[in-house]
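Since the structure comes first, as structure tokens, the remarks are kept for the end.
Numbers here are sequence positions counted from 1. Heavy-atom basis, side chains included; hydrogens, waters and symmetry copies ignored.
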Amino acid sequence: MSAYRGRTPLIATALSLVMAVSLAACGGGGSDDPGGTASGEGGFKVGLLFSQGVQPRWENFDKPLIEKKIKELCADCSMDYANAKGDVATQQQQVETMINNDVEVLLLSAVNFRSLRHSVERAHDVGIPVIAYDGLVEGPIAAYVSFDNERVGRLQGEALLRALGERADSGRIVMMNGPQTSPTNVAFKKGALSVLQGRVRIGEAYDTPGWSQETAHTNMENAIAALGVDGIDGVYAANDGLAAGAISALKAAGIRPLPPVTGQDADLAAVQRIVKGEQYMSVYKPFKAEADAAAEMAVALGRGEKLDDIADTTVATATTQDIPAVLLDPIPVTVDDIRATVIKDGLYTIAQICTPETAPACEKAGLTD
């Protein structure tokens, strides 16, 4: 197993030395070996475990970006991947499988930050460093990469207030939060409330298990029944899936014009809704920057290197202090920002966004080649 941050057992270090000698004897990892890494070191296996597949970003962007960057940094490295689809027991078993498959580093997006603590401890005990990806997890994690998640919530809240304008003082909104099962999701909500509380009335609020779009639709139906079709001036939706569920319920109730609705992740469908005027904004989190930082951490830890040149801050959990961390800046996206953000960064092309259905709205928004 890998050495990391001075905590690897001596036997693991000895095994690493034996493996290095064996690789050198076989010609693997030598400086003249075209299959070796840029630094001339041998490869190893990185495990990538995602928590859910509800949001398309995970498998459309994060997974391939991480895999590509790992290969760029370590040509002989490989990656094992699994997705728990929101099930804690499944992810716990996946961690055990990764350990048994001799991964040397784990990148973990945890289903539940408390329930995976024992799994993190298991990996740590056998010398496998765990990098928390996109959300914290309890236990002795070696590193963390994510975005400033309270800022995500603040950006959403600020955008919603701007959209409401003078209506904010007398208006009423519905809050569609994500599941409060991780510090990340708690931070979204905390950041939003820091902006919204005292500025606008929150008529109904929901914490949505599993980020379920269907549950968001049902909850919005309940909110409409409670507040009336004319009683909702805005919707704080914590991500684009919840926004989609809320908007579908608003449209089904015949509410026109639609109130401003926030989102997060800049999903393609959400960007198209923003162009059409159905969703007011989303929060773009440059996935490549996050994936690259995670891959750099994984390769460094797999090689027994420190993270001083990668991590620029530290975070803490109830179980672990001074965790090396990279916290990236989220970017708000309204219709006026699409070209300068998701198109400029190559996330989507104008052709992908501007389908025949959205073409008239795209032309109005100036999104033409």
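Salt-bridge check for Lys45 with Glu104: failed, with every basic side-chain N at 4.0 Å or more from each acidic carboxylate O. For Glu96 and Arg122, the salt-bridge test passes: some basic side-chain N is under 4.0 Å from an acidic carboxylate O. For Lys189 and Asp207, the salt-bridge test passes: some basic side-chain N is under 4.0 Å from an acidic carboxylate O. The residues Arg172 and Glu204 are annotated as not salt-bridged, no charged nitrogen and carboxylate oxygen being separated by less than 4.0 angstrom. Salt-bridge annotation for Asp292 and Lys68: absent, with no side-chain N of the basic residue lying under 4.0 Å from a carboxylate O of the acidic one.
Residue Arg199 places its CZ atom among 12 or fewer non-hydrogen atoms of other residues, nucleotides or ligands, all under 6.0 Å distant. Shown here is Lys71, whose NZ atom has more than 12 heavy atoms of other residues, nucleotides or ligands within 6.0 Å. No more than 12 heavy atoms of other residues, nucleotides or ligands shown are found within 6.0 angstrom of CG on Asp309.
Nearest heavy atom pair, residue Val145 against residue Ala294, reads CG1-CB, 3.8 Å. The two residues Thr208 and Ala216 make their nearest non-hydrogen contact at CG2-N, 4.2 Å. Considering all non-hydrogen atoms of both residues, Ala244 and Arg273 come closest at CB-NH1, 3.6 Å. Of all heavy-atom pairs spanning Asp62 and Ala291, the tightest one is O-CB, 4.2 Å. Listed here is the closest heavy atom pair of Ala266 and Val271: O-CG2, 3.9 Å. Nearest heavy-atom pair, Ala289 versus Leu328, reported as atom, atom and distance to 0.1 Å: C-CD1, 3.7 Å.
Contact annotation: the side chain of Asn177 never approaches that of Tyr206 to less than 4.5 Å [non-hydrogen atoms, C-beta and beyond].
A donor-acceptor contact shorter than 3.5 Å is absent between the side chain of Gln279 and the backbone of Pro260. Judged purely by atom type and a 3.5 angstrom limit, Glu138 has no side-chain atom pairing as donor or acceptor with the backbone of Arg114.
Using modelled atom types and a 3.5 Å distance limit, the side chains of Thr334 and Asp337 yield a donor-acceptor pair.
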### Query
When you look at Arg117 and Glu121, which way does the salt bridge (charged side-chain N to carboxylate O under 4.0 Å, His left out) test go after all the steps?
CA-CA 6 Å; Arg117 175 177 173 176; Glu121 290 171 344; 3.1 Å; yes
### Task
Please test Asp265 against Tyr284 for side-chain hydrogen bond (donor to acceptor under 3.5 Å, both in side chains), starting from the C-alpha separation and ending with a verdict.
CA-CA 5 Å; Asp265 289 326; Tyr284 169 45; over 6 Å; no
### Intermediate values then yes/no, salt bridge (charged side-chain N to carboxylate O under 4.0 Å, His left out), Asp267 and Arg57
CA-CA 7 Å; Asp267 293 345; Arg57 60 162 285 197; over 6 Å; no
### Query
When you look at Met175 and Leu193, which way does the side chain to side chain contact (heavy atoms under 4.5 Å, CB included) test go after all the steps?
CA-CA 10 Å; Met175 282 198 80; Leu193 287 174; 3.5 Å; yes
### Query
Taking it one step at a time, do Gln264 and Asp240 satisfy side-chain hydrogen bond (donor to acceptor under 3.5 Å, both in side chains)?
CA-CA 5 Å; Gln264 176 186 178; Asp240 291 333; over 6 Å; no
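Sorted by first and then second residue, the ring pair (Phe, Tyr, Trp, His ring centres under 6.0 Å) pairs involving residues 76-107 (not counting sequence neighbours) are Phe50-Tyr81. Listed by first then second residue, pairs satisfying side-chain hydrogen bond (donor to acceptor under 3.5 Å, both in side chains) with a partner in residues 217-227 read His217-Glu221, His217-Ser248, not counting sequence neighbours.
Under the 4.5 Å side-chain contact rule for hydrophobic residues, Ile173 and Ile247 share a cluster.
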